[in-house]
Amino acid sequence: MKLWKKLALMTAAVVTAAVGLSGAAVVHNSFVYQEKRAAESCMQQLFATAHALGTELENSNMDGFGETAKYSYTNYLLRKYGAHQYILLQDGGEICNLTEYRLTPASIHKWQKEEGDSVIQTVGDKRLFIAGKALLADKTKGYSLVLVSDISEAYEDCKRQGWLFFLALLGCTAVTVPVVFFATGKILKPLGELKDAALDIRNGNLRRRANVCCRDEVGVVADAFNGMAEQIEAQVRELSEVSERRRLLLGSMAHELKTPMTSIIGYSDTLLHVHVREEQRQNALTHIYEEGRRLERLSAKLMGLVGLYENESIVMKKTDMNALFERVRKLEEGPLAQRDVRLEVDCRMGEVKGDSDLLESLLINLIDNAAKASAPGSVVWLVGKKNEITVEDEGFGIPDEEIARVTEAFYMVDKARSRKAGGCGLGLALCSRIAKLHGARLVIESRQGEGTTVRVQFED
């Protein structure tokens with residue numbers, strides 16, 4: 001059974017039970033009240049009649065009356081105070097009974113008490129209130145007055161109230177159940193939308209969102225659900241991008257490894273199976289050495305790139321950029337001198353929050369790329385101003401259509417020249433990743449034959 005049906009049935013049952021119990025309590029209290037009021041009224045009537053009858057019997061002189069005269073006179077008095085309601089007792093026996101009720105010998109002693117006594121009895125289809133007390137006048141010693149009153153009407157009123165309440169309860173239940181079913185279904189309808197959205201996401205539709213507009217607890221849950229769905233979509237998208245990057249990386253790596261490995265195997269096979277001159281042997285060994293060094297650089301760059309995706313030990317702290325520029329200048333002084341390229345450094349930056357080792361690697365890679373693209377005798381400029389680092393060269397430049405791809409792993413504009421210069425196509429990929437980790441942008445501007453400018457722009 002669905003949740004909204006369970007809630008509707010439970011609510012209807014609780015409402016019906018609450019109304020039923022409340023109504024039953026009201027009817028019961030009404031019955032008790034009416035019974036009490038009837039008893040009080042009858043007792044007041046009995047006490048008033050007993051007093052009046054006792055006074056008249058006290059004032060009358062019945063000593064000279066015969067039995068018939070006494071009977072006639074007492075009948076007259078009883079009819080005077082209440083026809084068909086009273087029984088007059090004397091010394092435990094009836095002397096006058098105007099009612100249809102007959103006292104049992106065992107019950108007569110109940111009505112001889114001065115404070116009075118009462119009882120309610122069911123006789124046939126009637127409810128009778130029977131009360132009696134002794135007459136207290138001097139000449140009425142041994143007399144008792146018994147009142148027999150039919151209070152069935154009070155019970156009939158209670159029965160009518162009970163039936164009316166029962167019909168009202170049935171009507172209330174007949175109205176409440178469909179209303180509660182409708183209201184519960186309406187209130188919990190957003191849960192159905194949440195369920196449908198969850199099923200769509202489970203089936204792969206990560207763009208699906210729960211369209212819930214209410215502001216109650218269900219709306220709060222829907223907002224949380226949509227936030228969770230957005231987070232899942234972002235994480236899945238990121239995982240897909242990482243997976244795609246790794247796939248491309250592995251494919252490119254396999255392709256890049258194939259060329260040096262082929263050269264190494266080819267030259268090694270020649271040295272093993274062919275007798276060659278010393279000059280050819282030296283040339284083959286040189287090629288094997290250069291290709292081995294290239295593989296070493298390739299593996300180091302690759303490990304660095306992979307480490308940037310998986311490294312959790314990066315420490316961001318304030319780094320003195322003047323000291324960093326000076327350290328990079330000293331490190332690059334020797335390699336650039338071998339290429340006959342001069343490095344000009346100008347730093348007018350303060351401190352930048354970042355990982356100093358990664359920033360050093362970023363600058364070194366940008367300078368190496370600039371040097372590889374420069375002719376002997378050229379100049380490479382390393383400039384830092386405000387929140388921007390610029391590396392500029394006078395090299396060959398990059399075609400406009402190639403600029404967007406130069407930060408891809410293993411991508412090289414001129415493969416032959418890059419390999420000859422010792423490149424492996426990972427330098428700018430490393431730089432791009434390092435810049436991204438520091439919240440910076442890598443902007444590349446280039447004109448063929450005039451040179452390239454790479455800007456690292458940090459956030460303000």
Side-chain angles (χ1 to χ4, degrees), residues 1-23 166-253 305-314 316 404-405 407-409 429 432-442 459:
M1 183 182 292
K2 293 185 177 180
L3 176 62
W4 71 271
K5 290 184 178 180
K6 291 180 181 179
L7 290 176
L9 285 175
M10 184 175 66
T11 304
V14 170
V15 170
T16 302
V19 173
L21 291 174
S22 301
F166 179 71
L167 293 176
L169 179 61
L170 288 179
C172 178
T173 303
V175 173
T176 301
V177 170
V179 169
V180 169
F181 265 73
F182 174 78
T184 306
K186 188 75 173 177
I187 292 172
L188 296 183
K189 186 178 180 181
L191 289 179
E193 172 66 15
L194 276 175
K195 181 203 72 173
D196 295 338
L199 289 176
D200 288 344
I201 291 175
R202 186 191 69 179
N203 293 330
N205 183 13
L206 298 180
R207 294 181 179 273
R208 180 72 156 85
R209 298 293 181 270
N211 185 22
V212 178
C213 301
C214 56
R215 293 290 90 196
D216 55 11
E217 287 79 359
V218 177
V220 173
V221 172
D223 288 341
F225 175 87
N226 288 337
M228 178 190 68
E230 290 175 2
Q231 186 68 21
I232 290 174
E233 183 184 8
Q235 289 179 352
V236 170
R237 184 168 56 246
E238 183 178 354
L239 288 173
S240 299
E241 291 174 357
V242 170
S243 178
E244 180 64 16
R245 284 197 298 267
R246 287 180 177 177
R247 187 184 68 79
L248 293 174
L249 187 65
L250 289 174
S252 300
M253 183 180 68
L305 183 61
V306 172
L308 288 181
Y309 283 100
E310 299 178 351
N311 192 355
E312 298 180 354
S313 61
I314 297 174
M316 296 291 188
R405 299 191 60 191
T407 56
E408 295 178 10
S432 176
R433 182 60 183 168
I434 293 172
K436 187 175 181 181
L437 286 173
H438 286 77
R441 289 195 311 145
L442 201 67
E459 293 182 354

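- The CG atom of Leu442 sits 12.5 Å away from atom NZ of Lys436, with the distance rounded to the nearest 0.5 Å.
- For the side chain to side chain donor-acceptor pair (under 3.5 Å) test, no residue two or more places apart in sequence or in another chain qualifies with Asp196.
- Of all heavy-atom pairs between Arg208 and Ala229, the closest is O-CB, 4.3 Å.
- Note that the CD atom of Glu459 and the CZ atom of Arg441 stand 10.0 Å from one another [nearest 0.5 Å].
- Listed by chain and residue number, Leu206, Ile232, Ser240 satisfy the side-chain contact (heavy atoms from CB on, under 4.5 Å) test with Val236 (two or more places apart in sequence, or in another chain).
- Partners of Arg237 according to the salt bridge (Lys or Arg N to Asp or Glu O under 4.0 Å) rule, which considers only residues two or more places apart in sequence or in another chain, are Glu233.
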